[in-house]
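What follows is a short report on a single structure.
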Amino acid sequence: MSASLILNHGNTELSRLRRKLDRERNARLEAEQIAEHGMRELYLKQRQLQLLEAIAVKANQSSNLTEVLQFAIQQVCQFTDWALGHAYVADSGQREHLQSTLIWFKNTAANPAIDSFIQSTEARSFDCGVGLPGRVMETAEAAWVFDIIKDQNFPRTDLAQDAGLKAAFAFPVLAGNKVAAVLEFFSTQEQEPDEVLLHIMMQLGVQLGRVVERNAAEKRLVHDSMHDRLTGLPNRVLFLDRLQNAIAHQKRNAKHHVAVLFIDLDRFKLVNDSLGHLAGDNLLTLVALRIQSIVRTEDTVARFTDLRDKDTLARLGSDEFVVLLDDIRSPDDALRVAERIQRTLMTIPFNLNGQDVHVTASIGLATTADEQTSAEDLLRNSSLAMYRAKTLGGSCSESFDQSMQIRAMNRLVIESDMRRSLQENNFVLHYQPIVSFKTGVITGFEALVRWQRTADNLVYPNDFIYIAEETGFILLLDMWVLKEACRTMLQWQRDFPREHPLTISVNLSARLFAQADLAAQIRTIIHASGISPSSIRLEITESMIMGDAERSVKILAELKELGVHLSIDDFGTGYSSLSYLHRFPADTLKIDRSFVSRMDESPECFQIINSIMSLARNLKMNVIAEGPETEAHVQHLQGLDCDYGQGYFFSRPIDAAKVEQLLDANFVYGV
Ligand code: C2E
Ligand code: MG
Ligand code: MG
């Protein structure tokens with residue numbers, strides 16, 4: 001090999017080695033670059049996370065939106081090292097727009113041009129779509145401006161330019177999918193859009209939105225706790241609060257009166273029962289609207305503590321509404337409003353699913369003119385007055401007076417006495433014979449309850465049954481009566497056996513009739529006593545079943561299925577609809593005493609009894625005449641072919657011992 005060749009060979013080897021070295025260095029540089037880039041990326045990621053976390057923590061801790069936005073703007077400015085940050089909040093008033101706030105962060109040295117940019121921004125608002133904030137509001141997306149001067153939709157260009165502001169971005173604070181606020185940021189450099197940054201800002205916006213959502217939920221909670229869900233009207237809590245305010249104001253101003261109207265719809269239950277609860281709810285909503293049109297109402301929670309010049313309509317529950325009349329001159333003013341409410345309800349029927357429903361109301365009225373009253377007192381007084389209107393037959397207005405309260409107190413005492421008496425066994429049954437007009441034989445007895453209130457005070461049902469009905473105590477009492485009557489009659493049937501076993505009649509209150517499980521309750525008692533159901537006659541008054549005839553047909557059928565007999569009590573007073581009468585599975589009509597007692601002197605009464613007789617015959621029912629007192633009564637009734645009589649002519653209601661004497665003697669009345 002020649003020397004030159006060797007040299008040549010050496011050259012190639014050298015350059016190969018050099019190339020290899022180059023490659024290795026390049027690879028190392030590249031690797032270093034990659035590592036450095038990775039580190040930077042990692043570092044950036046870490047800072048992004050820190051930012052997100054700091055803002056999430058702040059958003060969790062504070063419910064003060066201003067404070068949280070202020071914090072966020074500062075954090076973002078420091079993170080991006082941009083010069084200026086600012087917040088707008090959405091205002092969903094007449095038109096959706098963004099309102100500028102005083103929330104700023106300046107990340108630059110003092111600069112009068114920036115200050116005048118800030119001032120002019122604070123003085124304005126942005127409609128949806130207008131300017132950078134408006135665009136963000138419209139799209140609910142973050143937006144970037146590379147250079148403000150080149151942007152077509154940037155109304156503040158001149159001032160921004162004076163202040164040396166170049167790039168900008170903004171992002172929405174989202175509560176659900178609604179833009180609640182917009183944050184915008186400015187840089188003094190032109191900046192290429194940074195998609196990663198915008199993505200993080202969107203995440204920030206969601207975190208910040210949680211403060212808005214939480215505040216809204218709290219506000220809703222406060223609102224819900226003070227409003228009726230069905231009608232949206234204030235509820236008892238809010239009503240009492242406003243009433244308290246009104247009364248406090250009234251105490252400072254003698255010429256000023258406060259009145260409460262307590263409105264209860266008449267026979268609302270009938271609508272619910274016959275047309276269904278949905279129709280009932282609809283009716284309540286419509287009624288609320290009509291009453292609202294009469295009174296000057298205004299209802300926003302913001303006015304919670306300052307409600308001088310407006311009236312409040314509230315719903316207390318079911319069909320009870322109350323109106324607070326603030327600032328009236330005299331109680332007469334309140335009465336006039338009550339009359340207007342009556343008229344607006346009455347004149348035009350409510351249409352529910354194509355059905356016209358006529359509504360009347362019982363209205364009770366109480367004013368601060370009565371005496372120094374608290375809000376609770378005034379509300380209670382108005383309810384007592386409403387109650388009086390109810391007992392007068394409804395569809396009228398009554399003003400509170402002191403006697404109502406005394407009566408209410410009495411009722412309370414009586415009711416608690418009654419409950420104790422039932423426990424101490426101080427109710428007794430008396431029994432009135434039911435006698436065949438044909439044979440004078442006693443066929444059964446009606447059990448009539450008495451209250452041995454003290455040793456020498458025996459109270460009759462007319463003096464306490466209505467209170468027992470109002471308070472609901474009747475449910476217990478009637479079941480006790482049934483139990484006691486079954487027990488006693490079974491004993492008599494055993495002691496005095498007959499071909500046709502004696503029957504026992506028991507009264508059922510209207511209140512009981514509204515119980516869904518009435519038949520089941522009665523069945524349990526009858527079964528437990530061991531008496532044959534066919535010996536039991538349940539007495540139900542005519543007005544009771546006519547109240548809701550369709551439902552009555554169903555309940556009577558259920559009772560009938562137990563094997564008991566059914567009697568319609570006080571017949572002739574309840575305006576029976578003949579179309580229903582034949583559908584009631586009743587066995588007996590009891591002609592009301594008022595017809596019998598007047599049949600001598602009143603030909604009409606005589607005629608009415610005559611008609612009831614033929615009606616009963618057609619419907620294949622028995623007839624018992626209530627209250628024959630004289631020989632003449634008995635003769636007339638016999639002449640009309642009436643089956644049985646139950647009256648003083650034969651016997652007053654008597655205690656069990658006297659009944660046993662009669663039965664023991666196998667007593668038969670002379671007829
Ligand atoms: P009612 O069911 O119509 O009972 C008949 C009432 O008329 C009884 O009054 C009875 O004493 C009275 N009476 C019967 N014959 C004559 C008469 O010839 N002349 C006069 N002046 N009165 C006569 P009482 O016992 O005072 O009961 C009144 C009402 O109280 C009953 O009318 C009934 O509606 C209700 N009642 C009685 N006991 C109960 C009960 O245990 N539960 C329920 N829910 N109501 C009862
Ligand atoms: Mg009766
Ligand atoms: Mg009766």
Side-chain angles (χ1 to χ4, degrees), residues 418 421-422 426-435 437 442 444-452 458-489 503-515 518 521-522 525 536-545 564-574 586-600 622-634 636-637 642 644-655 658-659 669:
M418 277 194 295
S421 289
L422 190 63
N426 287 334
F427 283 96
V428 286
L429 293 187
H430 282 185
Y431 302 89
Q432 190 176 29
I434 297 169
V435 179
F437 278 130
I442 299 172
F445 295 87
E446 175 171 4
L448 295 158
V449 70
R450 275 92 182 91
W451 177 15
Q452 196 75 59
L458 189 69
V459 189
Y460 283 77
N462 289 340
D463 294 327
F464 65 85
I465 290 282
Y466 73 99
I467 300 176
E469 286 184 329
E470 277 161 34
T471 58
F473 173 69
I474 196 74
L475 306 177
L476 296 177
L477 184 62
D478 272 1
M479 288 302 136
W480 176 83
V481 169
L482 180 64
K483 212 180 286 176
E484 178 64 13
C486 287
R487 185 185 69 77
T488 311
M489 182 44 79
T503 62
I504 185 77
S505 302
V506 174
N507 294 286
L508 290 188
S509 141
R511 245 335 246 275
L512 233 68
F513 213 58
Q515 298 273 94
L518 177 65
Q521 284 189 49
I522 291 179
I525 290 176
I536 312 285
R537 298 185 162 191
L538 299 179
E539 294 198 359
I540 295 138
T541 63
E542 183 192 13
S543 46
M544 207 158 118
I545 44 181
V564 299
H565 285 244
L566 299 177
S567 306
I568 300 182
D569 207 353
D570 303 345
F571 189 78
T573 58
D587 308 273
T588 304
L589 288 186
K590 292 186 82 171
I591 302 176
D592 190 70
R593 198 176 75 226
S594 58
F595 301 111
V596 176
S597 65
R598 285 182 293 145
M599 71 190 297
D600 291 342
N622 290 314
V623 178
I624 300 177
E626 291 188 297
E629 293 187 358
T630 62
E631 179 98 43
H633 289 157
V634 174
H636 280 137
L637 292 163
C642 185
Y644 307 99
Q646 177 193 340
Y648 290 180
F649 176 78
F650 299 114
S651 168
R652 289 182 175 249
I654 48 180
D655 63 24
K658 292 213 184 77
V659 171
Y669 292 96

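First listed ligand is number 1; within each ligand, the first listed atom is number 1. Start at 1 with the first residue, then count along the sequence. Predicted model only: the values in this text are computed from it and were never measured.
- Side-chain N/O atoms of Glu626 and Gln646 include no donor and acceptor closer than 3.5 Å.
- Ligand 1 has at least one atom lying under 4.0 Å from a heavy atom of Arg450.
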Test side chain to side chain contact (heavy atoms under 4.5 Å, CB included) applied to Ile540 and Asp569, step by step: CA-CA 5 Å; Ile540 295 138; Asp569 207 353; over 6 Å; no
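- A side-chain donor-acceptor contact under 3.5 Å links Arg598 to the backbone of Ser594.
- Neither the backbone nor the side chain of Leu477 has a heavy atom within less than 4.0 Å of ligand 1.
- Every atom of ligand 1 is numbered from 1 in the order shown, and the set under 4.0 Å from a heavy atom of Glu629 is 17 (C), 18 (O), 19 (N), 20 (C), 21 (N).
- Heavy atoms of His430 come nearer than 4.0 angstrom to ligand 1 in no pair at all.
- If you number the atoms of ligand 1 from 1 as listed, the ones under 4.0 Å from a heavy atom of Val449 come out as 38 (N), 39 (C), 40 (C), 41 (O).
- Taking the N/O/S atoms of Asp569 in turn, the shortest distance to the Mg ion (ligand 2) belongs to OD2.
- Taking every non-hydrogen atom of Ser509 and a distance limit under 4.0 Å, the qualifying atoms of ligand 1 come out as 44 (N).
- Between Tyr460 and ligand 1, a contact under 3.5 Å exists for no N or O pair.
- By the 4.5 Å heavy-atom criterion applied to side chains, Trp451 and Val428 are not counted as neighbours.
- Of all the heavy atoms of Lys590, none lies under 4.0 Å from any atom of ligand 1, so neither backbone nor side chain is involved.
- The shortest distance between side-chain heavy atoms of Phe427 and Leu477 falls below 4.5 Å.
- Numbered from 1 in the order shown, with element, the atoms of ligand 1 that lie under 4.0 Å from a heavy atom of Gln432 read 10 (C), 14 (C), 15 (N).
- Glu626 lies apart from the Mg ion (ligand 2) in this respect, since none of its N, O or S atoms is found at a distance under 2.8 Å.
- Below 4.0 Å from some heavy atom of Pro653 lie the following atoms of ligand 1, by number and element: 11 (O).
- The backbone N or O of Thr630 sits less than 3.5 Å from a side-chain atom of His633, completing a donor-acceptor pair.
- Residues Ile465 and Ile467 form no side-chain contact, since every pair of their non-hydrogen atoms from C-beta on lies 4.5 Å or further apart.
- The closest approach of Glu446 to the Mg ion (ligand 2), by N/O/S atoms, is made by OE2.
- To the nearest 0.5 Å, atom CD of residue Glu542 and atom OG of residue Ser567 are 13.0 Å apart.
- For the atom pair CE of Met479 and CD of Glu484, the computed distance is 14.5 Å after rounding to the nearest 0.5 Å.
- Only the side chain of Asp569 comes within 4.0 Å of ligand 1, judged by heavy-atom distances.
- The shortest N/O to N/O separation between Glu469 and ligand 1 does not fall below 3.5 Å.
- No hydrogens or angles considered: a donor-acceptor pair under 3.5 Å links the side chains of Ser509 and Glu469.
- Residue contacts with ligand 1, taken as heavy atom pairs separated by less than 4.0 Å, involve Asn462 solely via side-chain atoms from C-beta onward.
- Near Asp570, meaning under 4.0 Å from one of its heavy atoms, ligand 1 places the atoms 3 (O).
- Atoms of ligand 1 found under 4.0 Å from any heavy atom of Gln646, numbered from 1 in the order shown, are 15 (N).
- Coordination check, Glu539 versus the Mg ion (ligand 2): passed, since an N/O/S atom of the residue sits under 2.8 Å.
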Derivation of the side chain to side chain contact (heavy atoms under 4.5 Å, CB included) call for Ile434 and Phe650: CA-CA 8 Å; Ile434 297 169; Phe650 299 114; over 6 Å; no
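- The heavy-atom pair separating Phe445 from Met489 by the smallest distance is CD1-CE, 4.1 Å.
- Of the candidates Thr541, Asn507, Ile474, Leu508, the one placing a heavy atom closest to atom 45 (N) of ligand 1 is Asn507.
- Applying the 4.0 Å criterion to heavy atoms of Gly647 picks out, from ligand 1, the atoms 15 (N), 18 (O).
- Salt-bridge annotation for Glu629 and Arg593: absent, with no side-chain N of the basic residue lying under 4.0 Å from a carboxylate O of the acidic one.
- The minimum heavy-atom distance between Asn507 and Ala447, with the atom names listed, is ND2-O, 3.6 Å.
- When heavy-atom distances to ligand 1 are checked against a 4.0 Å cut-off, Val506 has no atom that comes that close, whether in backbone or side chain.
- Residue side and main chain included, Asn507 places an N/O/S atom under 2.8 Å of the Mg ion (ligand 2).
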